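Inspection log for the structure reproduced underneath, given as structure tokens.
The model shown is predicted, which means the values in this text are computed figures rather than measured ones. Quick note: numbers below take in every heavy atom, side chains included, and nothing from hydrogens, waters or symmetry partners.
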Amino acid sequence: MNNVLTAEKIMMNAKPSSKEEAIRLAGELLVKAGHVNGAYLEKMQEREQLATTYIGSGVAIPHGTNEAKQEIRSTGISVVQVPDGVDFGEGNTAYLLIGIAAVGDEHLEVLSNIAVICSEEENVTRAVQAKTPEEIISLFAEGV
């Protein structure tokens, strides 16, 4: 699980104009890193239309639908930092998007690690205010 989050999969100071664009940014980082193929991006948007991936405390965890499993090559997460926030509907603003692609049952482990880290509002604040990808990586490493 060491390569799950690397600096190349972190976008700092993003300014997406919509949640769809923010989700696309998170997905493109996973595509560029080789974790998923391009079709996964569409499945991430489909998943968001079924039910929001906003989990509270300024965090959204966009990921693909169950049918998207075949588009995943390896487990990885991406992080999109949005200091100004992006509207996720129903009065929810996401400042941190954590894109997820996981092989088999690894998504349960990945999700539980993210939940532990993001359950502490101070961790979310630290990630949103981080100045470097390395700060975000160390935050996630602490929580795992």
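Crowding of Asn13 atom CG: a count of heavy atoms from other residues, nucleotides or ligands under 6.0 Å exceeding 12. Within a 6.0 Å radius of CD in Glu42, other residues, nucleotides and ligands contribute 12 heavy atoms or fewer.
Electrostatic pairing of Glu28 and Arg24 counts as a salt bridge here, judged by a charged N lying under 4.0 Å from a carboxylate O. The residues Glu67 and Lys43 are annotated as not salt-bridged, no charged nitrogen and carboxylate oxygen being separated by less than 4.0 angstrom.
Asn123 contributes atom CG, which lies 7.0 Å from atom CD1 of Ile117 (distance to the nearest 0.5 angstrom). How far CZ of Arg73 is from CG of Leu30: 11.5 Å, rounded to the nearest 0.5 Å. Here the straight-line distance linking atom CG of Asp87 with atom OG of Ser17 works out to 11.5 Å at 0.5 Å rounding. Atom CG of Leu29 is separated from atom CD1 of Ile77 by 11.5 Å, given to the nearest 0.5 angstrom. Distance check: Ile61 CD1 to Met44 CE gives 10.5 Å after rounding to the nearest 0.5 Å. Taken from CZ in Phe88 to OG1 in Thr93, the straight-line distance is 10.0 Å, to the nearest 0.5 Å.
Of the options Asn113, Ile114, Val4, a side-chain contact (heavy atoms from CB on, under 4.5 Å) to Phe140 is made by Ile114 and by none of the others.
Using modelled atom types, one side-chain atom of His35 and one backbone atom of Thr75 make a donor-acceptor pair closer than 3.5 Å. Judged by distance alone, the side chain of Glu48 and the main-chain N or O of Glu20 form no donor-acceptor pair under 3.5 Å.
Shown here for Ala22 and Leu97, the closest heavy-atom pair between the two residues is CB-CD2, 3.5 Å. Pairing each heavy atom of Ile100 with each of His63, the nearest pair is O-CB, 3.5 Å. Here the shortest heavy-atom pairing between Ala26 and Ser78 reads O-OG, 2.8 Å. Across every non-hydrogen atom of Val36 and Ala101, the tightest pair is CG1-CB, 3.4 Å. Summarising the geometry of Pro83 relative to Val128, their closest heavy-atom pair is CA-CG1, 4.1 Å, with the distance given to 0.1 Å. The shortest non-hydrogen separation linking Thr65 to Arg47 is CG2-N, 3.7 Å.
Side-chain contact check for Met12 versus Gln81: some heavy-atom pair is nearer than 4.5 Å. Contact annotation: the side chain of Val82 never approaches that of Leu96 to less than 4.5 Å [non-hydrogen atoms, C-beta and beyond].
Residues forming a salt bridge (Lys or Arg N to Asp or Glu O under 4.0 Å) with Lys15 (at least two apart in sequence, or on another chain): Asp84.
Listed by first then second residue, pairs satisfying salt bridge (Lys or Arg N to Asp or Glu O under 4.0 Å) with a partner in residues 116-131 read Arg126-Glu142, not counting sequence neighbours.
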